[in-house]
There are 2 protein chains.
Amino acid sequence: MVKYIHHMTDLTVVLDRVLLLSTLVQADLARFERDEGLTTSRVHLLWVLGQAGPSTQQALAVALDVTPRNVTGLVDGLVTSGHVTREPHPADRRATLVTPTEKGRRAIADLVRSHEDLAQRLFDEVPRERLAVFAEVLEETAARFARLMEEAR
Amino acid sequence: MVKYIHHMTDLTVVLDRVLLLSTLVQADLARFERDEGLTTSRVHLLWVLGQAGPSTQQALAVALDVTPRNVTGLVDGLVTSGHVTREPHPADRRATLVTPTEKGRRAIADLVRSHEDLAQRLFDEVPRERLAVFAEVLEETAARFARLMEEAR
DNA sequence: TATTGTTATACTCTATAACTATA
DNA sequence: TATAGTTATAGAGTATAACAATA
């Protein structure tokens, strides 16, 4: 029984370390946000825009997993700050294409660069063999967990 | 140069996987919150209370890294939902001791159990040698990063 | 009829500043 | 004078529901 308890404790420590690292990464993102005068939600929207290109608000709502109403508010803020514009959709007059401005594209590029810098600072010193194990365990764990969440639903 | 780019890309993929796993863990926490009728911030406060025992709002503000005013609001909500009470501080009549109720203690216990369950679901199937490498890389990375953040400040 | 986005309304988290009670 | 907590005020993120324009 004592062995079982120790076992649980060890696994919990591993989870705690994952959460700690995730907290540190979020703190780094918060610094980026302060520097750019953006919020987490707006940066997330810009990030999606950087991946997907100009998108309808409907598509953004799905990608961000928030309501369309919420996207209206986020886009309003990003229009005010000059990061995006609402362009007419060429084929559907109901929809708008949220499109990064020059300033928005610069912010997205900075975000990508900052993300890469962080990856380098975090992992560049880790011996490659250990990093490979680390990456594999991450991938397997995430996949297993996604499967479990799916089954539970 | 191509090699350098590949190198960057690999490290970025590792970071992406950390972020993905962290997203999944947060989704699991969100499920817990919905079940208990709590929010992330209030769960965080309860968690701290579970670790530290009855605390002044001042101490909670420091632990949560938010303003005292914010703690007032969070505690108001948790008093309304019946998870905590404000007890007089025995030695300082300015201060209150935020104290979990029976319901609050049950929620904290559920939270701890849910955390342990998650750790088990995530990591129990990982071979112990690989898990050890994983945990070590996590710890070293977090420590190195914390040091870098400290220097940058 | 269904979809896209907005107006209306409400709740939560967060912050700063001014204030009261107590130390 | 300093500290603990609250009132006042404000901005941002989030949600549901009702509605207009368009498909």
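Lettering of chains follows the sequences in order, A, B, ..., and the numbering in each one begins at 1. Source: prediction; values computed, not measured.
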Engineer: OP1 or OP2 of C:dA23 versus the side-chain N and O atoms of B:R93: is any pair under 4.0 Å?
Structural biologist: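 Yes, because at least one side-chain N or O of B:R93 sits under 4.0 Å from OP1 or OP2 of C:dA23.
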Engineer: Using whole Å, report how far NE2 of A:H44 lies from C1' of D:dG13.
Structural biologist: 14 Å
Engineer: Consider the side chain of A:P68, meaning its heavy atoms from C-beta on, and name the nucleotide among D:dA23, D:dA4, C:dT6 that approaches it most closely.
Structural biologist: C:dT6
Engineer: Toward the 5' end of DNA chain D, which comes first, A:R94 or A:D65, by nearest nucleotide?
Structural biologist: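 It is A:D65, whose closest nucleotide lies nearer the 5' terminus.
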Engineer: Measure the distance from CD on B:Q57 to P on D:dA4 and round it to the nearest whole Å.
Structural biologist: 11 Å
Engineer: Expressed in angstrom and rounded to an integer, what is the separation of A:H83 atom NE2 from D:dA12 atom P?
Structural biologist: 14 Å
Engineer: Starting at CG of B:L45 and ending at P of C:dC13, how long is that distance when rounded to a whole Å?
Structural biologist: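 Checked: the CG to P distance equals 10 Å.
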Engineer: Specify the separation, in whole Å, of atom CG of A:L97 and atom P of C:dT4.
Structural biologist: 13 Å
Engineer: Looking at C:dT16, D:dA4, C:dT6, which one has an atom nearest to any side-chain atom of B:A95?
Structural biologist: D:dA4
Engineer: Please check the phosphate of C:dC13 (OP1 and OP2 only) for any side-chain N or O of B:R42 closer than 4.0 Å.
Structural biologist: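 True: B:R42 side-chain N/O within range (under 4.0 Å) of C:dC13 OP1/OP2.
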Engineer: State which of C:dA23, D:dG13, D:dT6 makes the closest approach to the side chain of A:N70.
Structural biologist: D:dG13
Engineer: Rounded to whole Å, please give me the gap between CG in A:L38 and C1' in D:dA12.
Structural biologist: 13 Å
Engineer: At under 4.0 Å between heavy atoms, what does A:T56 touch on the DNA or RNA strands: base, sugar-phosphate, or nothing?
Structural biologist: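 If one applies the 4.0 Å heavy-atom cut-off, A:T56 turns out to touch the sugar-phosphate alone, with no base involved.
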Engineer: Quick check: on DNA chain D, is the nucleotide nearest B:T96 upstream (toward 5') of the one nearest A:R69, or the reverse? Name the residue that is more 5'.
Structural biologist: B:T96
